[in-house]
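Notes follow once the structure below has been shown.
Chain naming here is simple, since letters A, B, ... match the order of the sequence lines and numbering starts at 1 in each.
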Amino acid sequence: MAKVLTPKEEDYSQWYNDLVLKADLAENSSVRGCMVIKPYGYAIWEKIQQTLDRMFKETGHVNAYFPLFIPKSFLSKEASHVEGFAKECAVITHYRLKNSSDGKGVIVDPEAKLEEELIVRPTSETIIWNTYKNWIQSYRDLPLLINQWANVVRWEMRTRLFLRTAEFLWQEGHTAHATKEEAMEEALKMIDVYKTFAENTLAIPVIQGRKTENERFAGALETYTIEAMMQDGKALQSGTSHFLGQNFAKAFDVKFLNSKGELEYVWATSWGVSTRLIGAVIMTHSDNHGLVLPPQIAPLQVIIIPIYKSETERQQVLDYGKDILHELKHHGISVKFDDRDTHKPGWKFAEYELKGVPIRVAIGPKDIENKQVEIARRDTLDKFYVSRDTLIEQIKSLLNEIQQNIFKKALNFRNNNTYEITHIDELKSNIENGGFFVAYWEGTKEDEKLLNEQTKATIRCILPEESSSTGKCIISGKETKKRVIIAKAY
RNA sequence: CGGGGUGUAGCGCAGUUGGUUAGCGCGCCACGUUCGGGACGUGGAAGUCGGUGGUUCGAGUCCACUCACCCCGACCA
């Protein structure tokens, strides 16, 4: 008996916390609100990065890197942008320390005060648009399609591993376009990329929509979002793409000469996903035994565990297993053979279940004799024997099947916890149990605030209009085509 | 930033009205028996009791201050 998780049913957030720590994904650091991402957790992030990076490049984007620090004056150039971020900025005021007079340490040297304070980027629109000003003169310089992989800092009051940390890793795309239509198309294209990635790679079903004015990104004219439902019925905003209009171009005076020789302001988008996605993966698929990882981002897809008694058996099992190891590697499968003699098989079974390895292959003397192996799949915990001859093919298709299965499971869960409502009372009486509530909405900003105060829920997104059918807004009673998802959110 | 709570070995905790050498479980190390679902035995290492100051013959224990972390709210990806 070693690592026991708090059961989900008992305390969901405790379960989440236990899991992150015990699966060795991350831990709290001695810096308030900042986490240490441990090798296993970082390996998942690397998988996420690799896939997304490829998708960004396939859609014509390139990577670059901009400074961590932003002069304070830059941030205030776009009024609503600074308003949104001002309350959570880390500020650098000095550039030097000196020995304290009591000799016990160092103090900030008051002589070394910066002329202008620097802000640790909470997001990079301002520093990037200040740079784009120098890069863009003519329509021939457009579009500019740039992404950066970086860390950002937002001084959050309350933090939770992966879901909300003061420093987090993300990617932020910042694009510049000659026309409104092209920028809008880009913003929509990227939210599509995120949706595809979430569903195909992370196996997380998401609802795509746009944010209400209240929930929009600071400085955006339109924010598109993908919203996922966690196992406790709460929503997690998993990626956003913003149509920024000409706000930043105007704030930073970025103009280009069009083919007719006229000066115009540039149109912009920005879009990002963060290490929060790891939290989304955990809270979508995992169970009381530990992590359940989608094969596509599992750092380890297959674990091989030997079972033996005597030294001769050990040699035989090792030979048999090494063979399988090399063959799987040859087929591009990420696999490890845990031949450590310091832990017993049962211990290893539990350990790799905790870590969410999709497929476990166990081999003992019995299996060598029968030319087979025992396979256990992490998603269903089913165990069965597979002939050695067809093993490789079966593992390949099983990885695929697991990927599909956990997606379907998550989709069913979401469908079963999504409710169409026609009156706000239905929301009030059911919101405590979580879930997505679909309602017609034609309310004002104030109505939205009222909704939040009364139910603790928020409008997660406005759904795309699929048909021309209409209904009555649950607050104002106005007839409308607009439908929204309401839910409690992380 | 308001309300509540906790700081004792790597982790989880116990420690009586102040009284010698501060314990327990897990983990760790060594050896042996084990090995198809988190093994067992024997021995061992590991602690400035969050910090500072005070009361006292004597403080993990009492007092003051302070720091850190956790939970609940307001804020947020």
Whole-Å gap separating P (G37(B)) and CD1 (Ile303(A)): 17 Å
What does the list of N/O pairs under 3.5 Å between the protein and nucleotides 33-36 of chain B look like, with a distance for each?
residue	atom	partner	partner atom	Å
C35(B)	O2'	Tyr308(A)	O	3.0
G36(B)	OP1	Lys344(A)	NZ	3.4
G36(B)	O6	Gly364(A)	O	3.4
G36(B)	O6	Pro365(A)	N	3.3
G36(B)	O6	Lys366(A)	N	2.9
G36(B)	O6	Asp367(A)	OD2	3.4
G36(B)	N1	Asp367(A)	OD2	2.6
G36(B)	N2	Asp367(A)	OD2	3.4

- prompt: How close or far is atom C1' of G37(B) from atom CZ of Arg378(A), stated in whole angstroms?
  reply: 13 Å
- request: Considering only atom C1', compute the distance from U56(B) to C24(B) and round it to an integer number of Å.
  value: 30 Å
- request: Could you check whether Arg340(A) gets within reach of a base, just the sugar-phosphate, or nothing at all, counting any heavy atom under 4.0 Å?
  value: nothing
message: Measuring only the C1' atom in each nucleotide, how far is C49(B) from C13(B)? A whole number of Å is fine.
response: 13 Å
message: Categorize Leu236(A) for me: base, sugar-phosphate, or nothing, with a 4.0 angstrom heavy-atom threshold over every strand shown.
response: nothing
Give me, pair by pair, the N or O atoms of the protein and of nucleotides 71-75 of chain B that are less than 3.5 Å apart, along with how far apart they are.
residue	atom	partner	partner atom	Å
C72(B)	OP2	Arg158(A)	NH1	3.3
C72(B)	OP2	Arg158(A)	NH2	2.1
A74(B)	OP1	Lys456(A)	NZ	2.5

query: Below 4.5 Å, heavy atoms only, C-beta onward: do His285(A) and Ile204(A) meet side chain to side chain?
result: yes
message: Please report the distance, rounded to the nearest Å, between CH2 in Trp347(A) and P in G27(B).
response: 10 Å
Main-chain N/O of Leu169(A) paired to Asn151(A) side chain as donor or acceptor, under 3.5 Å: no
message: Quick check on the 6.0 Å ring-centre criterion: do Phe56(A) and Trp271(A) meet it?
response: yes
query: At what distance, to the nearest 0.5 angstrom, does CZ of Phe337(A) lie from CD1 of Ile303(A)?
result: 9.0 Å
message: What verdict does the salt bridge (charged side-chain N to carboxylate O under 4.0 Å, His left out) test give for Lys366(A) and Glu313(A), after you've listed the backbone C-alpha separation in whole Å, the side-chain angles of each residue and the deciding distance to 0.1 Å?
response: CA-CA 10 Å; Lys366(A) 254 182 1 198; Glu313(A) 277 182 4; over 6 Å; no
query: Is Asp339(A) salt-bridged to Lys348(A), going by a charged N under 4.0 Å from an acidic O?
result: no
task: Only stems of 3 or more consecutive Watson-Crick or G-U pairs count here, both distances under 3.5 Å; name the ones for RNA chain B, or none.
output: B:1-7 with B:67-73, B:10-13 with B:23-26, B:28-33 with B:39-44, B:50-54 with B:62-66
task: Please measure how far the P atom in G7(B) lies from the corresponding atom in U16(B), and state the result in whole Å.
output: 13 Å
- prompt: Less than 4.5 Å apart, any side-chain heavy atom of Leu163(A) and any of Leu236(A)?
  reply: yes
field: G19(B) to G15(B) separation - C1' atoms, rounded to the nearest Å
entry: 14 Å
statement: Judged by nearest nucleotide, the residue sitting upstream toward the 5' end of RNA chain B, Gly33(A) or Thr165(A), is Gly33(A)
- request: Could you give the distance separating G10(B) and G47(B) at their P atoms, to the nearest angstrom?
  value: 8 Å
message: I'd like the P distance from G50(B) over to G60(B), given in whole Å.
response: 10 Å
task: Indicate yes or no: does Glu353(A) engage Arg360(A) in a salt bridge with an N to O separation below 4.0 Å.
output: yes
query: Is Glu432(A) paired with Lys456(A) through a side-chain N to carboxylate O contact shorter than 4.0 Å?
result: no
message: Considering every strand and a 4.0 Å limit on heavy-atom distances, what is the contact class for Phe168(A): base, sugar-phosphate, or nothing?
response: base
statement: One should read off an interatomic distance between Thr225(A) OG1 and Arg216(A) CZ, to the nearest 0.5 angstrom, of 13.0 Å
message: Using modelled atom types and a 3.5 Å cut-off, is there a donor and acceptor pairing between side-chain atoms of Tyr194(A) and backbone atoms of Gly272(A)?
response: yes
- prompt: For atom P, what is the distance between G18(B) and C62(B), given to the nearest Å?
  reply: 8 Å
message: Quick check: Phe217(A) with Phe85(A) (ring centres under 6.0 Å apart)?
response: yes
- prompt: What distance, rounded to whole Å, do you find between the two P atoms, one in A22(B) and one in C26(B)?
  reply: 22 Å
